[in-house]
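Treat the numbers as computed from the prediction; the structure is a model and nothing was measured.
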Amino acid sequence: MTELDLLIKNVRLVRHDASDIPTTDIGIKNGVFHRIAPDIEVSGAGEVVDGKGLLAFPGVVDAHQHWGIYNPLSDDTATESGACAQGGVTTALTYMRTGQYYMNRGGSYHEIFPLVLDAAEGRSHVDYGFHLAPMQKSHIDEIPELIARFGVTSFKIFMFYGSHGLHGRSADQNAFLMIPPDERYDLAHFEFVMRGVQAAREAHPELADAISLSLHCETAEIMTAYTRIVEEEGTLDGLAAYSASRPPHSEGLAVTIASFLAAETELPNINLLHLSSRKAIESAMLMARTFPQVNFRREVTIGHLLANIETASGIGGKVNPPLRPQEDVDALWEHLVAGHVDWVVSDHACCKEETKFGDPKSNVFAAKSGFGGTEYLLPGLAGAAPAHGLPLQKVAELTAWTPAQRFGLPTKGRIAPGYDADVVLVDPSTSWIVDAADSESAQEYTPLQGMEIGARVQSTFLRGQQIYGDGKVLGTPQGRYLSRPTTR
């Protein structure tokens, strides 16, 4: 009988809680890390892999994706989970809501969420879970069941949906959101969602730490007004026009409103998503000082860190909130290095060319919002880290440990005995040029086209099974739905 199912020899171990990177071996048994030590005997291992001195990162917990937003969920689960494996992501948490896009229907999560689970089952190459958005009053009443029955412990508010659509101005939000005609998706609804989430935390004190609410912070009225200004002036086009139409102070104002409501409703676990500008992140820092009783977490995406309105490859880089000028990118890195950001994600949303671009293709306001990028998450951050003075220890913390802890994944995010054997071998000395044709995603373009990435994922293992290597996805889908908080 073998002591280990898999032995990975000669790797440099990256840990979130230690600055040194020791050379060691990793022993795996029954899908969990069993022994971490140098010079483990190969005779007791069923399979041996030579790590060749590569960096061993914990599998990435990409806590912000959008499977099924533009393509059938079953299709996205298959293809975009392959892109996850390519980027070192072993756990994907994807946002889901009722209304147009996604499942393209309204109604009860009691009826709809089982369809979501059925569409994804057996098709993912990585472990996965869902965040859900309470879009109407009845959804708030469903929060306790979503927690107890389905293990959904994280929820979301899209603050700008009150009077602004997914891609721009919208004349009929009730039709877009598929909510009852006598309801409004507005600040009052946001308050009641917060009260509902907090009531669920109080009803389940043993789960309270894992229950949180995430917010997309932009202000509809500001964006509607500035979109009109940008279009009427006509001096800007492309991503510069889109950034100006959704200005940074719109983010900052929304962060302020969300934070005050969190304090008012006594909901402590608040996640401020994809902060894209200096004004947004400094507003978030101010709110943290103003309301110390709220446990704010701040998120930044790899796209907002690697690209700006000039370097991104065309209007395929349209996303909400927008890519920004370089001065805002510099501010994000400044706060990232200072420890003011809690995790980095992809905000992956596969939007194929036929869907993405409107008529004419050059009109940024006619294009759809969002793009893929999970395949660039770990190599992009690890590759850029040295130039910005970001230790690799922080890369492990930002991409794995902290999101795992926040989102009810206590068995993920760390290479240590007893944790799920999710590990990524990264070559920090190999740079490469991004080409969408090389991606496992079904998306045919990328805003990062032609950009140099300073590190490469060589192998990805999910619970001890290799799911990516030799430049391709390996094996059949082994990913599991994660009912949170996870247990064994």
Task: Side-chain heavy-atom pair His348, Cys84 within 4.5 angstrom cut-off - done: no
Task: His274/Val345 under side-chain contact (heavy atoms from CB on, under 4.5 Å): CA gap, chis, key distance, verdict - done: CA-CA 8 Å; His274 44 42; Val345 297; 5.8 Å; no
TODO: Using distance alone, with no hydrogens and no angle criterion, decide if Gln478 and Thr476 have a side-chain donor and acceptor under 3.5 Å apart.
DONE: yes
Open item on the list: Working note: Phe130 + Phe113, criterion ring pair (Phe, Tyr, Trp, His ring centres under 6.0 Å); need CA distance, chi angles, decisive distance, verdict.
Closed with: CA-CA 10 Å; Phe130 294 95; Phe113 193 59; 5.7 Å; yes
- [ ] Just say parallel, tilted or perpendicular for the rings of Trp401 and His16, cut-offs at 30° and 60°.
- [x] parallel
Task: Check ion pair Asp328-Arg278 (N to O, under 4.0 angstrom) - done: no
TODO: Indicate whether the side chain of Ser441 and that of Glu375 have a donor and an acceptor atom separated by less than 3.5 Å.
DONE: no
Task: Side-chain donor-acceptor contact under 3.5 Å, Tyr95 with Asp347 - done: no
Open item on the list: Taking atom CD as the centre, does Gln326 end up with more than 12 heavy-atom neighbours from other residues, nucleotides or ligands that are less than 6.0 angstrom away?
Closed with: yes
TODO: Carefully, step by step, assess Phe158 and Leu273 under the rule side-chain contact (heavy atoms from CB on, under 4.5 Å).
DONE: CA-CA 10 Å; Phe158 302 82; Leu273 303 182; over 6 Å; no
TODO: Any pair with a residue in residues 378-398 that passes salt bridge (charged side-chain N to carboxylate O under 4.0 Å, His left out), sequence neighbours left out, goes on the list, sorted by first then second residue, please.
DONE: Lys394-Glu397
TODO: Using a cut-off of 6.0 Å, state whether more than 12 heavy atoms not belonging to Glu121 lie near its atom CD.
DONE: no
- [ ] Could you list all the salt bridge (charged side-chain N to carboxylate O under 4.0 Å, His left out) pairs where at least one residue sits in residues 443-469, not counting sequence neighbours?
- [x] Asp127-Arg463
Report all side-chain donor-acceptor pairs from residues 335-342 shorter than 3.5 Å, counting only partners two or more places apart or in another chain.
| unit_1 | atom_1 | unit_2 | atom_2 | d |
| --- | --- | --- | --- | --- |
| His335 | ND1 | His340 | ND1 | 2.9 |
| Asp342 | OD2 | Arg298 | N | 2.7 |

TODO: Kindly indicate, with the supporting measurements, whether the criterion side-chain contact (heavy atoms from CB on, under 4.5 Å) is fulfilled by Thr91 and Phe407.
DONE: CA-CA 11 Å; Thr91 300; Phe407 290 112; over 6 Å; no
- [ ] Starting from the C-alpha separation in whole Å, work towards a yes-or-no answer on side-chain contact (heavy atoms from CB on, under 4.5 Å) for Leu93 and Leu409.
- [x] CA-CA 11 Å; Leu93 298 180; Leu409 301 169; 4.2 Å; yes
TODO: For Asp470, look at atom CG and say whether over 12 heavy atoms of other residues, nucleotides or ligands are found less than 6.0 Å away.
DONE: no
Task: SB check Glu251 Arg324 (cutoff 4.0 Å) - done: yes
Open item on the list: Looking at Asp237, I'd like to know if its CG atom is crowded, meaning that more than 12 non-hydrogen atoms belonging to other residues, nucleotides or ligands lie closer than 6.0 Å.
Closed with: no
